[in-house]
Each structure stands twice: as structure tokens, then as C-alpha cells.
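Notes for the one structure printed next.
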Amino acid sequence: MRQSRKALDALAMFDFQPDPAQPKADFYREVTQAAVALTEGEPDGVANMANIAALLWQAMPDLNWAGFYRMVDGGLLLGPFVGRPACIRIPLGQGVCGTAAQSGESQCVADVHAFPGHIACDAASRSELVVPVKRGGEVIAVLDFDSPSPARFDEGDQAGIEALAEAIAARI
Ligand code: SME
């Protein structure tokens, strides 16, 4: 069996629920460790993205969408996620995701209605965090989070997800 003992043990963490009231640095350290353990030994990027999206959805409160867009043929293509069905292709530079992918910079948007060109996949979304996933300096995907609450995400969430993105970049 290819899947490592550690990944199998991680699967037993079905009730994994880090305390969202603890400092965000600690919260995201726990989530990142879980994501790394869950993907250990598995070379299939789609399977790993699916489990990471599910893990993040389970761990992070107050979300209505969590998942990946992959960079394919010079644009973003919908990847594994949890939430309502979403737009499939996003050109570089468009929307919050396309802006993050083109600039290589995370986008932390307190009010999506105030973001020029925001693409509304779910009318309930009020705030959004998009973090590029890079390998060898190239953006290979973005991690996208939507919340029905305004200003749901802050610098602590951004720093935590950026660290997670770096940790799992080789696994997707
Ligand atoms: N709101 C994103 C589109 C993707 S959905 O939120 C899942 C954007 O503006 O790029």
C-alpha cells in the first residue's frame, strides 16, 4: 500500500477541530500539520487538493466556499472545493482569484462588493481570501475562501494560509 501510516492516521482525524479561539498562528500551525500529514506519501495532486479543501472547510469557521483553482493553459481552472458549484474558468487578472494569480500576491478582501471585477459565484459571499500556491516561483494554483460575513479574514488568516500553501505546494 502506497499510503503511509501517517496519512492513514491523519484520516482518523475525522473529528479534527482545532480551537478557532486560539491565536491564529497556532490555529494555522495545527491545520498545516494536519494537511501535510493527510497528503503524505500520496502523489496524486487532485486527491490531495480534495482532502485539503475538505480539511480547511472542516477547520475554518464561517465559510461558504473553500477550495482550489489550478493554473491550466495560462488561466485558472476550477479544482477541488467544498461549497456551491462555482465558475469553472477565470482568466488571469479577472476577479479576486485572477488578480491573485496574476500578481502572485494574496488578496484579502473585506467587502467583495467593493472589489472591482469581483466574480460572484455565491450571492451570499461578503468577504474573500485568495492565496497563490507557488512552486519554483511560479503560481500553480490559488486557494480561495469565501465567507458570508464581512471582513471575515485578517492578516493572521492570510499569513496562516500562506504558510499552508508553501507547505503543500509540492503535494498538489
Ligand atoms: N469570487 C471569486 C470567484 C471564485 S468563487 O468565489 C468560488 C473571484 O472573484 O475571483
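Order of listing sets the numbers, starting from 1, for every ligand and every atom in it. Numbers here simply count residues along the sequence, with the first being 1. Heavy-atom basis, side chains included; hydrogens, waters and symmetry copies ignored.
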> Hey, which of Gln33, Met60, Gln22 is the one that makes side chain to side chain contact (heavy atoms under 4.5 Å, CB included) with Tyr28?
Replying inline: Met60
> Checking side-chain contact (heavy atoms from CB on, under 4.5 Å) for the pair Ile161/Leu129: CA distance, chi angles, key distance, verdict?
Replying inline: CA-CA 9 Å; Ile161 295 297; Leu129 173 64; 4.1 Å; yes
> So which protein residues pack against ligand 1 under 4.0 Å, heavy atoms counted?
Replying inline: Trp65, Tyr69, Ala86, Ile90, Gly95, Val96, Cys97, His118, Ile119, Cys121, Glu128, Asp144, Asp146
> How long is the gap from CG on Leu63 to OG on Ser147, to the nearest 0.5 Å?
Replying inline: 6.5 Å
> Is Asp146 salt-bridged to Arg126, going by a charged N under 4.0 Å from an acidic O?
Replying inline: no
> Under 6.0 Å between ring centres, would you say that holds for Phe81 and Trp65?
Replying inline: yes
> Judged by modelled atom types alone, do Asn64 and Asp122 share a side-chain donor-acceptor pair under 3.5 Å?
Replying inline: yes
